[in-house]
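Predicted, not measured: the structure shown is a model, and the values here were computed from it. Chain identifiers are assigned alphabetically (A, B, ...) following the order of the sequence lines, protein sequences preceding nucleic acid strands; residue numbering begins at 1 within each chain.
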Amino acid sequence: MSAASLNPAQLEAVHHLAGPCLVLAGAGSGKTRVITHKIARLLQHGLEPRQIAAITFTNKAAAEMRERAKGLVGPRAAKDLAISTFHALGVRMLRADGERLGLKPSFSILDSDDVLGVLRDAGGATDNKQARHWQWTISLWKNQGLDADGAEAAARDDDERVAARIMRRYEERLAAYQAVDFDDLIVLPLKLLERDAEARAKWQAAFGHVLVDEYQDTNAVQYELMKALVGTDGPRHRSGRFTAVGDDDQSIYGWRGATIDNLKRLPRDYPSLRVIPLEQNYRSTGSILRAANAVIAHNPKLFEKKLWSELGDGEPVRVIDCDGEEHEAERAVTRIQALRGQQGARFADVAVLYRANHQARAFEQKLRAAQIPYKVSGGQSWFDRAEIKDLCAWLRLLVNQDDDPAFLRAATTPKRGIGHQTLAALGEYAGKWRISMFEAIFAPGLPGVLKGKGLDALQHFAREVNELEHRARHTAGAEDAKALLLEWLKTLGYEQHLRDGEDSPKLAEARWSNVLDFVDWIARRCGGQLTQEAGTFESEKLTVLDVAQTISIIISLAERGDEQDVVTLSTLHAAKGLEWPHVVLAGVNEGLLPFRGADEEMTAERLEEERRLMYVGITRAQRTLTVSTLKRRKRGRETVAGVPSRFVVEMKLDEAVVKEDPRERLRRLREELAARGAAASPAAGR
DNA sequence: CATACATGAATTTTT
DNA sequence: TTCATGTATG
């Protein structure tokens, strides 16, 4: 273990095994290193890998933590570590012991859509909006540990009283179906441990130490579950068996039930708690950290913590004031190009962060126009779905028959008599002659290496592709496009394929409905529409092939986005935990950041969470930070005057860092020149 | 009953 | 600008 590479605070956190431990990990302070080193330390101390539970919020975070641990403790130990999300841990507990709560081991887990259906049914409503509202309310109640009785007591108005009644019926139905929702995956294991001493003893013994990542994001029930797993404080208990790692300044999920009370209560519930702040930041320059500290200083403090860095001041934070969203996007593009030119930055070194998804739109457009590759993080998970990928493979193949990955997917889904052997022979032949697999099908030499059914199936497939390509080329308009696609799906037998592949008919149904949505989406794009791209207007019906082409481009952009050199566009929420050398914080305006809804009042808590969001944004930057504000902001149809966010003021920057748009400067100079010259032309451009 | 048009409203996201 | 919901019409 390279303990020497840990700073004193990190070392203390890693070595403190004698009691409960709260690590206040400031942004960029090496939190993951502490967790993985602590895992290694616990192993050294004699714990088995499976006795170490590390709990995260997302599967991605869990996978990353296991990966990081692997580097330190080796693959064997890493494999057995009980690293999982809260929910996955809940599933494990319920599958093992759910029967003690009257739950069949084969209980089913409802996803958000299922829940909506049950609620619509239970509430006798066809109204999705209403059902969604109930879903939200009920989920928040469950996250606070309330059951239907509790909810009834807690309901403050008629709306909530109705929701509480619906909740009772909802819970009854879930029980009848032997089904649980996502919230139950926390609530029920907690119930199990509270009610069943035997189960409690078993699970407390199962884990020698519990680490909780992103502790500030836990909700009331998750905290109770953690407590039930590690036991209460005191000399007679096996206490101090947990390490909570979090940062109160980065708590940005209050709106979905996370409560900072969990941080306040921790020292009270565990008097022997050791609180260890990690304040040395290894990520950002001094200028960036000063701005971050200055902003967060406006929030009331739970624990004292101030980030510092040895990296030097670096460049000052820039503030740029833009005319509107388009102008903002243009200036971001200029900035990206300048960073590439002057600092040798790669596209992947830059991120544009914003409060709300719709802000990505302008940036996408301008980046495309400037031929800058980008990815929108968290967006369009649609294309990740297996069934959508299947169809996209076909579309890509239509556009480019030499796309071998698309070929492989399309040729084998659904199964059509083209198997391993056939594909291996085809691939080898194609490789030898340096042609695509599709081309190889009709190569004169292929029958020499591949005969019989395999060859027939390939040729049949190729003919199908060609025919579809021909028809796609000549089919335009929404209705014809839809008809063509549906017919093609029928020929493919795709719906049947989904039914065969999925064990639950309900799941197959959902997938098929995704497919139909996708067809509609393509069809809409085929219909005549007015598009403005790079300054040109188009108003014509597109062919299916045209749209397939667009999709291919989107797909390849998205695919390359994973490992290739692309700019990141992301919401502030989705950016938490990530970092980039250069960050642009966009739309830092009153009303947007801090966000204020239509006629909502801004409570102190809300404002503080928005401020933490700003703090998260600032601390994503390693070397340079650009904050942009809007002079004009669109809200609905109207354009309203933009007021720079109070957070910009709170950064306490020098006025010198406010940058003027080079183009603006040029225009101003030109105007000055024109004013001086007698016969100046008033044409000021666009 | 289904489609078409108008009108109004617009966070953040994971399991 | 888009999306969803409501109303009006065929």
Side-chain angles (χ1 to χ4, degrees), chain A residues 55-63 84-92 94 108-115 125-132 135-136 139-140 142-143 180-189 213-214 217-219 221-222 225 250-258 324-326 353-362 364-365 377-381 478-479 517 520-521 524-525 527 529-533 570-577 587 589 591-600 602 606-607 609-614 616-617 633-640:
Chain A
I55 308 179
T56 62
F57 276 87
T58 66
N59 290 315
K60 193 171 154 227
S84 80
T85 63
F86 267 106
H87 294 86
L89 175 65
V91 172
R92 184 179 153 196
L94 289 182
S108 54
I109 301 168
L110 303 186
D111 70 16
S112 172
D113 287 340
D114 300 328
V115 168
T126 47
D127 187 1
N128 255 334
K129 225 170 136 187
Q130 177 65 264
R132 247 177 240 289
Q135 187 178 11
W136 184 248
S139 176
L140 281 178
K142 290 177 82 158
N143 282 290
V180 302
D181 62 22
F182 285 129
D183 301 322
D184 288 330
L185 295 177
I186 317 295
V187 173
L188 294 179
D213 191 21
E214 305 283 11
D217 291 337
T218 52
N219 62 41
V221 187
Q222 284 160 339
L225 180 61
Q250 292 186 70
S251 153
I252 55 175
Y253 284 109
W255 52 274
R256 66 178 199 203
E325 290 193 324
E326 294 202 334
L353 308 181
Y354 38 80
R355 176 62 229 260
N357 280 314
H358 68 80
Q359 292 174 265
R361 171 182 281 269
E364 286 194 67
Q365 202 187 37
S377 106
Q380 301 319 332
S381 58
E479 278 168 35
D517 283 348
D520 276 335
W521 186 76
R524 262 208 312 282
R525 237 135 276 255
Q529 56 177 345
L530 208 62
T531 55
Q532 185 190 1
E533 191 97 336
S570 169
T571 62
L572 288 163
H573 283 92
K576 196 175 84 163
N589 277 65
L592 250 185
L593 182 62
F595 184 89
R596 184 157 66 247
D599 36 45
E600 273 174 299
M602 176 67 73
R606 283 278 325 274
L607 180 63
E609 183 153 315
E610 295 293 309
R611 188 176 279 117
R612 291 193 290 268
L613 207 45
M614 178 75 183
V616 166
R633 200 157 68 79
K634 274 190 217 129
R635 213 170 59 179
R637 275 185 202 84
E638 65 208 322
T639 305
V640 294

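- Rounded to an integer number of Å, the gap from Arg606(A) CZ to dT12(B) C1' is 10 Å.
- Note: CG (Asn589(A)) to P (dT11(B)) measures 16 Å, nearest angstrom.
- Evaluation of the ring-ring contact (aromatic ring centres under 6.0 Å, His included) rule for His573(A) yields Tyr253(A), Trp255(A) as partners, not counting sequence neighbours.
- At whole-Å resolution of the value, CG in Leu607(A) and P in dT12(B) are 19 Å apart.
- Residue ring and nucleobase are not stacked for Phe595(A) and dT12(B) under a centre distance beneath 5.5 angstrom and an angle between planes beneath 30°.
- Closest to the His87(A) side chain, of the nucleotides dT12(B), dT11(B), dT15(B), is dT15(B).
- Distance, Asp111(A) CG to dT13(B) P: 19 Å, rounded to whole Å.
- Side-chain nitrogen and oxygen atoms of Asn357(A) include at least one within less than 4.0 Å of the OP1 or OP2 phosphate oxygen of dT13(B).
- To the nearest angstrom, P of dT5(C) lies 12 Å from CD of Gln130(A).
- By the 4.5 Å heavy-atom criterion applied to side chains, Ser84(A) and Arg92(A) are not counted as neighbours.
- At the phosphate of dT15(B), neither OP1 nor OP2 sits under 4.0 Å from any side-chain N or O atom of Ser112(A).
- Using a 4.0 Å heavy-atom distance criterion, Phe57(A) is classed as a sugar-phosphate-only contact.
- Asn219(A) has its CG atom 18 Å from the P atom of dT13(B), to the nearest Å.
- The separation between Leu613(A) atom CG and dT11(B) atom P is 15 Å, rounded to whole Å.
- Residues Arg606(A) and Glu609(A) have side chains not in contact (no heavy-atom distance under 4.5 Å, counting atoms from C-beta outward).
- Distance from the side chain of Arg361(A) is smallest to dT2(C) among dT13(B), dT2(C), dT11(B).
- The salt bridge (Lys or Arg N to Asp or Glu O under 4.0 Å) search around Asp181(A) returns Lys142(A), not counting sequence neighbours.
- In summary, Arg596(A) and Glu610(A) do not engage in a salt bridge, as defined by a charged side-chain N under 4.0 Å from a carboxylate O.
- Across all strands, Asn59(A) comes closer than 4.0 Å only to sugar-phosphate atoms, never to a base (heavy-atom distances).
- Atom OH of Tyr253(A) is separated from atom P of dT13(B) by 6 Å (rounded to the nearest Å).
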